[in-house]
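Here is the structure we will look at, set down as structure tokens.
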Amino acid sequence: MASIDLNVAPESTYSVAGKQIKFNTAKDIEPYLRELNALKDVKKVDFSGNTIGIEASKALSEALVGKDSIVEVDFSDLYTGRLNTEIPQSLQYLLPALLKLPNLKLVNLSDNAFGLQTIDPIDDYIAKAVTLEHLILSNNGMGPFAGSRIGGSLFKLARAKGDKPSLKTFVCGRNRLENGSVNHLAVGLRNHKDLEVVRLYQNGIRPAGIAKLIEKGLSHNKKLKVLDLQDNTITTRGAIKLAESVSNWPGLVELNLNDSLLKNKGSLELVTAFTKDPRESLTVLKLQYNELEPDSLVVLAEAIAEKLPNLQLLELNGNRFEQDSEHITKINSVFQERGFGELDELDELEELDSEEDEDEEEEEEEEDSLEEDLDLEQLEEDLSGLVVDDKDKGVDDIADELSKTHLE
């Protein structure tokens, strides 16, 4: 995943990243907090790759308050070896402290074993983090119910921001979000009108979920630049909605659909969408392991030559066409003329199969459905009521009401 550059100078960064320090007590962390306090105008604080307990979390939270210059906090991989009872208590100190940082724009909480037991402090934090522009929450073991809660909190955040900048980056890969999270995620994401980067790789979302997430959610994010759905299951059903929505993202720079089982019908729908209008912004297109066949390759080659003048990176390995195809030769020639080199070696291509695959795809799509296919306009109304009533309700009360709109 490409890093987000907030132009923080090294001298403005306090980092103990990757030192594998065990911060158990306030005494354990005290020497590092002295170093942090000695740094004037600190803009980035990075404690990733260590492990922190409850008492040390309290001390760190107290040290952060008042450092108004902080714009970035990295608390990824911060709980190795911690009990699942310790993590939520630690977050109940750290996350409220982050809310007191008036210029905080980026928070990375990835690679922590949060699961469902920590969703209350995370939900509460996201809903109130009005300065936040970049949220990274990958590999946290969320699951579909926690994913729904995050979607709901994103909606509440959008309403709470007022005239502050919208969320620009949402990364939530490897979290087992599945179809059960899609209703709330679609509503949450579409309300962040300036959203530019969405990465939801490796989440086990199936075609019905992908189709709804795109049609009812991401198609409304007109400023989208990066969409990463790698290693979910899209098939023709999801690819049709994706193809229909491409025109809504005129500034799209990167589309990653590797390992997403577009099938050839879905691949053809998508690449055909790229032949309709010039797309000068698109530089990265990843389509590995999608059962793309020669008829789709013909259309893709045409799109690259005529409509995608700045495409620099194309990944096609693991699909179903001949390595020495004339259309691969054509694509390589176009890339060489533009000074971008050639495609990476295609060494894992598959054999073309019979019509059996098409029958299997139709059966899969007939069986696939959302666990609860909600009316998202009604869901948005319901969530709006929760936002209005927030001042009189605790996080647990709101969670109870949110749970009524979703069946796990």
Side-chain angles (χ1 to χ4, degrees), residues 2 195-199 210-211 213-215 217-230 232 234-346 349:
L195 197 63
E196 295 180 353
V197 177
V198 175
R199 296 190 185 273
I210 293 288
L213 179 67
I214 292 169
E215 180 183 16
L218 297 174
S219 66
H220 297 265
N221 299 110
K222 309 293 187 181
K223 297 184 180 180
L224 199 64
K225 293 181 179 178
V226 175
L227 178 57
D228 182 352
L229 296 174
Q230 179 175 353
N232 291 286
I234 294 178
T235 73
T236 304
R237 182 174 182 176
I240 288 171
K241 296 302 180 185
L242 191 55
E244 290 172 351
S245 298
V246 163
S247 61
N248 292 337
W249 307 318
L252 192 66
V253 174
E254 175 185 339
L255 181 61
N256 185 352
L257 303 175
N258 282 349
D259 304 289
S260 294
L261 200 65
L262 292 176
K263 298 285 190 175
N264 190 54
K265 288 181 182 177
S267 298
L268 186 57
E269 290 281 348
L270 178 66
V271 297
T272 300
F274 286 126
T275 64
K276 295 178 179 177
D277 298 295
R279 305 192 63 83
E280 296 184 359
S281 61
L282 192 68
T283 60
V284 177
L285 181 59
K286 299 184 179 183
L287 297 171
Q288 291 190 140
Y289 299 95
N290 277 304
E291 300 185 4
L292 182 149
E293 296 178 8
D295 54 347
S296 296
L297 186 62
V298 172
V299 179
L300 177 60
E302 175 191 339
I304 291 170
E306 299 179 9
K307 303 295 186 180
L308 306 176
N310 296 307
L311 188 68
Q312 298 178 23
L313 175 62
L314 174 66
E315 295 186 356
L316 284 175
N317 212 358
N319 285 299
R320 296 179 171 179
F321 50 79
E322 296 297 329
Q323 186 171 355
D324 58 357
S325 164
E326 63 180 291
H327 305 294
I328 291 297
T329 302
K330 179 180 177 180
I331 291 170
N332 278 327
S333 296
V334 172
F335 274 26
Q336 286 178 324
E337 287 172 11
R338 295 173 180 172
F340 299 149
E342 294 188 355
L343 296 177
D344 290 338
E345 186 177 351
L346 302 171
L349 298 174

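By convention here, the first residue in the shown sequence is residue 1.
Side-chain contact between Leu311 and Phe340: absent, with no pair of heavy atoms (C-beta onward) separated by less than 4.5 Å. Looking at Leu346 and Leu316, their side chains come closer than 4.5 Å, going by heavy atoms from C-beta outward.
Qualifying side-chain hydrogen bond (donor to acceptor under 3.5 Å, both in side chains) partners for Ser260, counting only residues two or more places apart in sequence or in other chains: none. Partners of Lys223 by side-chain hydrogen bond (donor to acceptor under 3.5 Å, both in side chains), not counting sequence neighbours, listed by chain and number: Asp194. The side-chain hydrogen bond (donor to acceptor under 3.5 Å, both in side chains) check on Glu326 picks up nothing, with sequence neighbours excluded. In this view, Gln323 satisfies the side-chain hydrogen bond (donor to acceptor under 3.5 Å, both in side chains) rule with no residue, not counting sequence neighbours.
In terms of heavy-atom proximity, Arg320 sits nearest to Pro294 at O-CD, 3.2 Å. Nearest heavy atom pair, residue Ser219 against residue Lys222, reads O-NZ, 3.7 Å. Summarising the geometry of Val271 relative to Ser296, their closest heavy-atom pair is CG2-O, 3.6 Å, with the distance given to 0.1 Å. Between Gly318 and Leu349, the closest heavy-atom pair is N-CD2, 4.0 Å. The nearest pair of heavy atoms linking Thr275 to Thr272 is OG1-O, 2.6 Å. Contact record, Asn319 with Leu292: OD1-N, 3.0 Å, taken as the closest heavy-atom pair.
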Which side-chain N or O atoms in residues 279-287 pair as donor and acceptor under 3.5 Å with protein atoms at least two apart or in another chain?
{"from": "Arg279", "atom 1": "NH1", "to": "Val246", "atom 2": "O", "distance (Å)": "3.3"}
{"from": "Arg279", "atom 1": "NH2", "to": "Val246", "atom 2": "O", "distance (Å)": "3.3"}
{"from": "Arg279", "atom 1": "NH2", "to": "Trp249", "atom 2": "O", "distance (Å)": "2.4"}
{"from": "Ser281", "atom 1": "OG", "to": "Pro250", "atom 2": "O", "distance (Å)": "3.2"}
{"from": "Ser281", "atom 1": "OG", "to": "Leu252", "atom 2": "N", "distance (Å)": "3.4"}
{"from": "Ser281", "atom 1": "OG", "to": "Leu252", "atom 2": "O", "distance (Å)": "2.7"}
{"from": "Thr283", "atom 1": "OG1", "to": "Val253", "atom 2": "O", "distance (Å)": "3.4"}

Could you tabulate the donor-acceptor pairs under 3.5 Å formed by side-chain atoms of residues 299-309, not counting sequence neighbours?
none

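In this structure, CG on Leu268 lies 10.5 Å from CD1 on Ile240, to the nearest 0.5 angstrom. Atom CZ of Arg338 and atom CG of Asn310 lie 7.5 Å apart (nearest 0.5 Å). Of the inter-residue distances, the one linking Asn248 atom CG with Asn221 atom CG reads 10.0 Å to the nearest 0.5 angstrom. With rounding to the nearest 0.5 Å, the separation of CZ in Arg237 from NZ in Lys265 is 14.0 Å. With values rounded to the nearest 0.5 angstrom, Thr236 atom OG1 is found 7.5 Å from Glu269 atom CD. Summarising the geometry, atom CG belonging to Leu343 is positioned 10.0 Å from atom OG1 belonging to Thr329; distances are rounded to the nearest 0.5 Å.
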- Chi angles and distances behind the side chain to side chain contact (heavy atoms under 4.5 Å, CB included) call for Ser245, Leu218: CA-CA 8 Å; Ser245 298; Leu218 297 174; over 6 Å; no

- Task: List the steps, then state whether side chain to side chain contact (heavy atoms under 4.5 Å, CB included) holds for Ile331 with Leu297.
- Result: CA-CA 10 Å; Ile331 291 170; Leu297 186 62; 4.1 Å; yes

- Give the C-alpha distance, both sets of side-chain angles, the deciding distance and a yes or no for side chain to side chain contact (heavy atoms under 4.5 Å, CB included) between Leu257 and Leu270. CA-CA 11 Å; Leu257 303 175; Leu270 178 66; 3.4 Å; yes

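No donor-acceptor pair under 3.5 Å is formed between the side chain of Asn332 and the backbone N or O of Lys330.
By the neighbour-count criterion of 12 heavy atoms within 6.0 Å, atom CD of Gln336 is densely surrounded, having more than that number from other residues, nucleotides or ligands.
Screening Gln230, Glu315, Arg199 against Asn256 for a side chain to side chain donor-acceptor pair (under 3.5 Å) leaves a single residue, Gln230.
Judged by distance alone, the side chains of Asn264 and Asp295 do bring a donor and an acceptor atom under 3.5 Å apart.
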